[in-house]
Engineer: 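The structure follows.
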Amino acid sequence: QVQLVESGGGLAQAGGSLRLSCAASGRTFSSLAMGWLRQAPGKEREFVAAISRNAESTYYADSVKGRFTISRDNAKNTVYLQMNSLKPEDTAVYLCAARSGTGYYIQRYAYSYWGQGTQVTVSS
């Protein structure tokens, strides 16, 4: 089993920044592909960003490309999501997800493990 705990959410103004963290435990972190997804009220869960287990590959949703950066520190068992130039439409619960694998994964059903989520609210 893998346990994922997100932190770093909160309230930001449009144009501002937030940095999310996700701490993993229960399995060798460097064996896990990681992703961030988000879910706004009344909407389906959507992919945000993904990173391969060795950080060689990353992938972003078009809606966040150029504004968000996913990264990981395998020594700290942590994955990050740096969010810049935030927009009100970025408001959602952000969830960290993980699975075994060598690549990156953009489909929400591809992930085996999920965190509880952290709320991000962007005011206009």
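FYI, side chains are in, hydrogens and waters are out, and symmetry mates aren't considered; it's all heavy atoms of this structure. Keep in mind it's a predicted model, so treat the numbers as computed, not measured.
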Engineer: Please name the pair of heavy atoms, one in Y111 and one in A98, separated by the smallest distance, quoted to 0.1 Å.
Structural biologist: CD2-N, 3.5 Å

Engineer: Measuring only between side-chain heavy atoms, which start at C-beta, is E6 closer than 4.5 Å to L95?
Structural biologist: yes

Engineer: If you look at every heavy atom in F47 and Y59, which pair is closest and at what distance?
Structural biologist: CZ-O, 3.5 Å

Engineer: Does a side chain donor of either S17 or N84 reach within less than 3.5 Å of an acceptor in the other side chain?
Structural biologist: yes

Engineer: Going by the rule side chain to side chain contact (heavy atoms under 4.5 Å, CB included), which residues pair with Q13 if we only count those two or more places apart in sequence or in a different chain?
Structural biologist: S123

Engineer: Give the C-alpha distance, both sets of side-chain angles, the deciding distance and a yes or no for side-chain contact (heavy atoms from CB on, under 4.5 Å) between Y80 and D73.
Structural biologist: CA-CA 8 Å; Y80 305 97; D73 186 338; 4.1 Å; yes

Engineer: Check the side chains of R72 and S30 for a donor-acceptor pair under 3.5 angstrom, ignoring hydrogens and angles.
Structural biologist: no

Engineer: Can you tell me how far the CG atom of N54 sits from the OG atom of S31, to the nearest 0.5 Å?
Structural biologist: 11.5 Å

Engineer: Does any part of the side chain of K87, heavy atoms only, come nearer than 4.5 Å to the side chain of S124, both counted from C-beta?
Structural biologist: no

Engineer: Cut-off 3.5 Å, no hydrogens considered: what does the side-chain donor-acceptor table look like for residues 102-109, sequence neighbours left out?
Structural biologist:
residue: R108; atom: NH1; partner: R45; partner atom: O; Å: 3.4

Engineer: Please confirm whether the backbone N or O of G26 pairs with a side-chain atom of N77, one donor and one acceptor, at under 3.5 Å?
Structural biologist: no

Engineer: Are E46 and E44 packed together at the side-chain level, in the sense that at least one heavy-atom pair is separated by less than 4.5 angstrom?
Structural biologist: no

Engineer: Kindly give the heavy-atom pair with the smallest separation between R27 and S100, and that separation in Å.
Structural biologist: NH1-OG, 2.8 Å

Engineer: Hey, could you give me the CZ/OG distance between R67 and S85, rounded to the nearest 0.5 Å?
Structural biologist: 7.0 Å

Engineer: I need the R19 CZ to S7 OG distance, nearest 0.5 Å.
Structural biologist: 9.5 Å

Engineer: So how far is it from S21 OG to Q82 CD, rounded to the nearest 0.5 Å?
Structural biologist: 9.5 Å

Engineer: Which ILVMFWY residues are connected to I70, directly or by a chain of links, through side-chain heavy atoms under 4.5 Å apart?
Structural biologist: V2, L4, L18, L20, F29, L32, M34, W36, V48, I51, Y60, V64, F68, V79, L81, M83, L86, Y94, Y113, V120, V122

Engineer: Between K65 and D62 (salt bridge meaning N to carboxylate O under 4.0 Å), is one present in this structure?
Structural biologist: yes

Engineer: Within the distance-only criterion (no hydrogens, no angle test), does the side chain of R38 pair as donor or acceptor with the backbone N or O of V93 below 3.5 angstrom?
Structural biologist: no

